[in-house]
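Input: a single structure, listed below in structure tokens.
Here is the naming used below: chain letters follow the sequence lines, and residue numbers restart at 1 for every chain.
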2 protein chains.
Amino acid sequence: MEQANYHHGNLRSSLVSTGIEFLNQKGVAGISLREIARTIGVGHNAPYRHFRNKQQLLEAMAEDGFRRLKARYTRLELEFANDPEGQIFESAMHVISMAADQPNLFQLMFGGHIQPQDCGGNLKLAADDAMQSLVSIIQNGQRLKVFIGGDPMTLALSTMSMIQGLAIMVSSGKLKVQFQTQAKDASWAGRQTLLRAMVLQLFEVFLSGLKENTKTHLKE
Amino acid sequence: MEQANYHHGNLRSSLVSTGIEFLNQKGVAGISLREIARTIGVGHNAPYRHFRNKQQLLEAMAEDGFRRLKARYTRLELEFANDPEGQIFESAMHVISMAADQPNLFQLMFGGHIQPQDCGGNLKLAADDAMQSLVSIIQNGQRLKVFIGGDPMTLALSTMSMIQGLAIMVSSGKLKVQFQTQAKDASWAGRQTLLRAMVLQLFEVFLSGLKENTKTHLKE
DNA sequence: TGATGATGTGGGCAGTGTCCACATGCATGA
DNA sequence: TCATGCATGTGGACACTGCCCACATCATCA
């Protein structure tokens, strides 16, 4: 526990994690390499031994988010096997609840701060993996005659867009309003339940368009 | 044309417009008050006579975008009267083509850099107006029995999410790839046509879920 | 053991946002 | 007509930032 070590030990991961803390607290614009180094208790130049520049640290932080996203995706794919509708909805819920819990991280990942084609293969791979999961879910749903036919890639992109849209609306606060008015003093689990109910409603239109059978909601 | 004027005349709008130029060229992170002032040919403190801080200039730039968006919305609402499906699609196309033409401005407007509740009423109004247009389009479509029943606000939010999602995918480059591979040497009009075709495909799933009658695409 | 390379250090530079006191000149009222 | 006030523009200053440099430390291994 000797804290006066000249060498920190695992500075790189410390930088990423405290970076994400600052991100959550102060947003992308509020992140400063020097402040991160200061709070870790390390010289203002130490980060440059691990990242070429600030942008690379941001990319590492985003990559961390993508990895968590993907890990959950693959777990969901197994958990909801043979239930493509459930897979799609739970995937959406996962992305959206991440957008609700860590809006700034979400905006870092999808807000254009990061150009996957410019940075290390890891980030691009992590981002592409999420897309690929969606494609295979769609294909599975088509096999089971649950989803409509058509190019799976196109359907996956469409689905991804819908999910992204909901997530952006949540992370940017446009949906939080109504969501919070009911939930301002609820627990995390409570908020999660309300979020799920809201997403269920908002996702229904899209989902009913994706499903093979005729509409189920004829409550008019 | 006397350029040695001590007073610039309409510095405020100059700041906004050259700000948007820089935004288009270098992204949100690349914007510097001092550089803007320098290129306008004005002292580095002049901007502070018109904006309390950098954030307020960004908000003014975003507001400009929202105003253009809304102007087009109301024009579309008249142009496609009695064709709710056309209204919805053209609204979507308009947002998305803005995201394609000025991705950085779009990200400024919707990427969480701006908190409408924190800033001048104008911005919030402009943003809310777009939403209100959508609600009335939906209501109209419900009256004409073109769209499914249900809470118009919920349907509008869902629609907005889908549009936002597609726009974000375009502005962040995730859809540009396929789009550009075909269009890298096309004119603006040509690219616009390709973009429209792509959006038509990707929007179809959602739209078929929104429409009252059973699915039209049974090409399986 | 002694060299080497990965990792951490402080100094320095240009650039930034924002505060301050001061300069300028247009409008307005005596 | 002219003085005056106020909106607007100016330069100086400060703390902060990202990033470059040369140098310090230390684990590893021949």
Side-chain angles (χ1 to χ4, degrees), chain A residues 1-23 25-62 104 108 112-115 118-120, chain B residues 1-23 25-62 104 108 112-115 118-120:
Chain A
M1 263 302 182
E2 44 215 327
Q3 49 193 346
N5 268 346
Y6 189 91
H7 287 90
H8 178 281
N10 54 353
L11 182 53
R12 198 198 132 100
S13 67
S14 274
L15 287 166
V16 173
S17 62
T18 56
I20 292 181
E21 279 176 38
F22 275 99
L23 178 63
Q25 287 169 20
K26 316 203 283 184
V28 186
I31 287 186
S32 143
L33 278 187
R34 287 174 106 110
E35 189 177 11
I36 292 175
R38 221 179 295 133
T39 59
I40 293 184
V42 90
H44 68 269
N45 264 318
Y48 287 88
R49 298 298 146 190
H50 301 272
F51 301 99
R52 204 141 23 96
N53 49 33
K54 183 182 179 178
Q55 184 64 20
Q56 276 216 343
L57 173 58
L58 293 182
E59 284 164 13
M61 289 158 55
N104 293 333
L108 172 65
H113 300 90
I114 300 299
Q115 295 300 339
D118 297 347
C119 46
Chain B
M1 264 300 184
E2 44 217 323
Q3 49 194 346
N5 271 347
Y6 189 89
H7 288 88
H8 177 281
N10 54 352
L11 181 54
R12 198 196 132 99
S13 67
S14 274
L15 287 167
V16 173
S17 62
T18 55
I20 291 182
E21 278 176 40
F22 275 99
L23 178 64
Q25 287 169 19
K26 317 203 281 183
V28 186
I31 287 186
S32 143
L33 277 187
R34 289 174 106 110
E35 190 177 9
I36 292 175
R38 221 179 296 133
T39 58
I40 292 184
V42 89
H44 69 269
N45 265 318
Y48 286 88
R49 298 297 145 191
H50 301 271
F51 301 99
R52 201 139 26 94
N53 50 31
K54 183 181 178 180
Q55 185 64 20
Q56 275 215 344
L57 173 57
L58 293 182
E59 285 165 12
M61 288 158 55
N104 293 333
L108 172 64
H113 300 91
I114 301 299
Q115 295 299 341
D118 297 347
C119 45

Can you give me the N/O atom pairs linking the protein to nucleotides 13-17 of chain C at distances under 3.5 Å, or say none if there are none?
| from | atom 1 | to | atom 2 | distance (Å) |
| --- | --- | --- | --- | --- |
| C/dT16 | OP1 | B/Ser32 | OG | 3.1 |
| C/dT16 | OP2 | B/Arg38 | NH2 | 2.7 |
| C/dG17 | OP1 | B/Leu33 | N | 3.0 |
| C/dG17 | OP1 | B/Lys54 | NZ | 3.4 |
| C/dG17 | OP2 | B/Leu33 | N | 3.2 |
| C/dG17 | OP2 | B/Arg34 | N | 3.2 |
| C/dG17 | N7 | B/Arg34 | NH1 | 2.5 |
| C/dG17 | O6 | B/Arg34 | NH1 | 2.8 |

Would you mind reading off the distance between A/Leu57 atom CG and D/dT17 atom P, rounded to a whole angstrom?
14 Å
Quick one: closest heavy-atom pair of B/Tyr48 and B/Leu33, and the distance?
OH-CD1, 3.5 Å
Starting at atom CZ of B/Arg49, determine the distance to atom P of C/dG25, rounded to an integer number of angstrom.
16 Å
Decide yes or no for B/Leu57 and B/Ile36: does some side-chain heavy atom of the first lie under 4.5 Å from some side-chain heavy atom of the second?
yes
Hey, are the side chains of B/Leu15 and B/Met61 touching, using non-hydrogen atoms and a 4.5 Å cut-off?
no
Can you tell me how far the CD1 atom of B/Ile114 sits from the CD atom of B/Gln55, to the nearest 0.5 Å?
5.0 Å
Tell whether A/Asn45 reaches the base of C/dG12 with its side chain through a donor-acceptor pair below 3.5 angstrom.
no
Go through the structure and list residues passing ring pair (Phe, Tyr, Trp, His ring centres under 6.0 Å) with A/His113, not counting sequence neighbours.
B/His113
Measure the distance from NZ on A/Lys26 to P on D/dC16 and round it to the nearest whole Å.
12 Å
Scan for salt bridge (charged side-chain N to carboxylate O under 4.0 Å, His left out) pairs involving residues 41-54 of chain B, sequence neighbours excluded, and state none if there are none.
none
What are the residues of residues 10-18 of chain B, sorted by number, that bring a heavy atom to within less than 4.0 Å of DNA chain C?
none
Given atom NE2 of B/His50 and atom P of C/dT18, what is their separation to the nearest angstrom?
16 Å
Working to the nearest 0.5 Å, report the span between CG of A/Leu108 and CD of A/Glu59.
9.0 Å
Show me the pairs that pass side-chain hydrogen bond (donor to acceptor under 3.5 Å, both in side chains) and involve residues 33-47 of chain B, at least two apart or across chains.
B/Lys26-B/Glu35
